[in-house]
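Here is the structure we will look at, set down as structure tokens.
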Protein chains: 2
Amino acid sequence: MATGRTHRTATRSRGIPEATVARLPLYLRALTALSERSVPTVSSEELAAAAGVNSAKLRKDFSYLGSYGTRGVGYDVEYLVYQISRELGLTQDWPVVIVGIGNLGAALANYGGFASRGFRVAALIDADPAMAGKPVAGIPVQHTDELEKIIDDNGVSIGVIATPAGAAQQVCERLVAAGVTSILNFAPTVLSVPDGVDVRKVDLSIELQILAFHEQRKAGEEAEAQADAVLAAEAEAAAAKGAGKGPDGDVPAVMPA
Amino acid sequence: MATGRTHRTATRSRGIPEATVARLPLYLRALTALSERSVPTVSSEELAAAAGVNSAKLRKDFSYLGSYGTRGVGYDVEYLVYQISRELGLTQDWPVVIVGIGNLGAALANYGGFASRGFRVAALIDADPAMAGKPVAGIPVQHTDELEKIIDDNGVSIGVIATPAGAAQQVCERLVAAGVTSILNFAPTVLSVPDGVDVRKVDLSIELQILAFHEQRKAGEEAEAQADAVLAAEAEAAAAKGAGKGPDGDVPAVMPA
DNA sequence: ACATGTGAACTAATTCACAGCC
DNA sequence: GGCTGTGAATTAGTTCACATGT
């Protein structure tokens, strides 16, 4: 799928790798900081350090955008800021709606990083009628009933879901039906969407679990030999139990997040 | 670095791929939901659908943990929940501190998914003396002065940074110095940490920018030919300006998030 | 019959290392 | 001399397809 496209101009070829796209905002932030300090140029080495990546990766990333540097010198900060902004689509205004104005939704609405960089909170939407009209971050909350109208009136194509998990899929479907094609999901659920709709998820619980995994690793590294023996025994016991469908008193009741 | 380790037991080999680790929480969530509905077994196909991945990937992922399924049948839900929980280190208790109790920090403290799954908010820390003693999510906020003592007293190894960007690196250093080895960073900054410390970042602004990139792509796909011409012209103009360090009226003033 | 577990094939991403240009 | 830009080499991750075991 999505082949075709006999690249028509030499503007810039097809397909910037996804991994590269994900790093562009990082570079942009570092460059913006340099720009504010009026630094005129920067080398791949310096910029890479500021962005927390290695310089080969950065140069390769930039090579997908074009040849924007000068050999022997480095990159012009202002120019790169502009090019990356344009590549990311930040030279235009993106109206965004936030659905679910609980603790998290309110925090997001108040988050400064939102307003800057071309994103504008066009509306806050919540299912609770008691919230309707109440201003959060200076914006009056509107009721879910208005969702379709809000999307349409404001030409919103990006939606943020900050509802409880149970409501997320339904909200998602309404957003998509109303014309939203990009969703940032903070609810701890897998959203299913039709082709052509992008979803990105931000999930606190998952991040913590990944950290816990590595943390456990570290602890194990210290203990080493003795722990290894213990774990082996444990694994065997567990395997035996698993096969026989043992009592669940042992199995920790892990709650859904 | 980090080579060595002549795997001592056959318990389970070294190195579960990072991509797999990142999906385990997803599987766990789907399994937990099944467990609550008292579903006894599940096939890779079904579970993969629930987790939003394809079944080959899921089976491969599980193969790194061991052979926990039954051919011709599927996976025992309870047993898998236990195995994945154990692998992720969720069978133990992880005390966590949240530093920076603003809008976001408070939202995180209130977030339910935290308390479950082995994570426990051990303390809330803020630099504002006026916050000290005030309860948030039922936990009294403590002043930053106490940071080291809190980490030490509670044996905290995971810290969450929800401070403004400017304070994040400093907070990070204090956490690390006090013994924290895993950090979840919500501040829009690159943290630099010594080897052996894990950092994961959650960055609203970056996620939105990635969505904007794809969104712009979609729009461009419709416009196609005419847009291509325009962009080419634009690029040329920009190139000319960039070389000559043009007036910044044209360059969008992109703010740091 | 059926669904897992896994080598093998493939695709994506990273890193190396150096030619090319200022 | 120094730093970019990029092919080539390497490593990581995904998907295929089928042998294997129940």
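Proteins come first, then strands; the chains are lettered A, B, ... in the order of their sequence lines, and each starts at number 1.
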note = Residues passing the side chain to side chain contact (heavy atoms under 4.5 Å, CB included) test with A/L26, sequence neighbours excluded, are B/K201, B/I206
ask   = Given that B/A56 and A/K57 both sit by DNA chain C, which one's nearest nucleotide is further toward the 5' end?
value = B/A56
ask   = Please give, in whole Å, the distance from C/dT14 C1' to A/D61 CG?
value = 10 Å
key: Nearest-Å distance for atom pair CG/P, residues A/L80 and D/dC3   = 16 Å
ask   = In chain order, what residues pass the salt bridge (Lys or Arg N to Asp or Glu O under 4.0 Å) check against A/E215, with sequence neighbours excluded?
value = A/K218
request  = Check the distance between D/dT14's P and B/E18's CD and give it to me in whole angstrom.
outcome  = 11 Å
Distances under 3.5 Å between nitrogen or oxygen atoms of protein and nucleotides 3-5 of chain C:
| residue | atom | partner | partner atom | Å |
| --- | --- | --- | --- | --- |
| C/dA3 | O4' | B/G72 | N | 3.2 |
| C/dT4 | OP1 | B/S44 | N | 2.4 |
| C/dT4 | OP1 | B/S44 | OG | 3.4 |
| C/dT4 | OP2 | B/S44 | OG | 2.5 |
| C/dT4 | O2 | B/R71 | NH1 | 2.9 |
| C/dG5 | OP1 | B/Y68 | N | 3.3 |
| C/dG5 | OP1 | B/G69 | N | 2.9 |
| C/dG5 | OP2 | B/Y75 | OH | 2.8 |
| C/dG5 | O4' | B/R71 | NH2 | 3.2 |
| C/dG5 | N7 | B/R59 | NE | 2.9 |
| C/dG5 | O6 | B/R59 | NH2 | 3.1 |

remark   = Exactly one of B/Y82, B/Y68, B/F62 clears ring pair (Phe, Tyr, Trp, His ring centres under 6.0 Å) with B/Y75, and that residue is B/F62
B/L80: which of B/I84, B/V77, B/D76 passes side chain to side chain contact (heavy atoms under 4.5 Å, CB included) = B/I84
request  = Examine C/dT14: is either OP1 or OP2 under 4.0 Å from a nitrogen or oxygen in the side chain of A/N54? Give yes or no.
outcome  = no
query = Can you list the steps and then say if B/E36 with B/T32 is a side-chain hydrogen bond (donor to acceptor under 3.5 Å, both in side chains)?
reply = CA-CA 6 Å; B/E36 269 162 15; B/T32 305; over 6 Å; no
query = Of the options A/V171, A/D198, A/V176, which is the one that meets A/I183 in a side chain to side chain contact (heavy atoms under 4.5 Å, CB included)?
reply = A/V176
note = note: B/I16, atom CD1; C/dT6, atom C1'; distance rounded to Å ~ 16 Å
ask   = With sequence neighbours excluded, what pairs up with B/R59 under the salt bridge (Lys or Arg N to Asp or Glu O under 4.0 Å) test?
value = none
task = Not counting sequence neighbours, list each pair that qualifies as a ring pair (Phe, Tyr, Trp, His ring centres under 6.0 Å) and has a residue in residues 182-201 of chain B.
result = none
task = Starting from C1' on C/dG7, measure out to OH on B/Y64 and report it in whole angstrom.
result = 11 Å
ask   = Tell me: CG of A/L58 to C1' of C/dC16, nearest whole Å?
value = 16 Å
Enumerate the protein-to-nucleotides 8-10 of chain C contacts in which both atoms are nitrogen or oxygen and the separation is below 3.5 Å.
none

inquiry  = Check whether B/S43 reaches the backbone of B/E46 with its side chain - one donor and one acceptor, N or O, closer than 3.5 Å.
reply    = yes
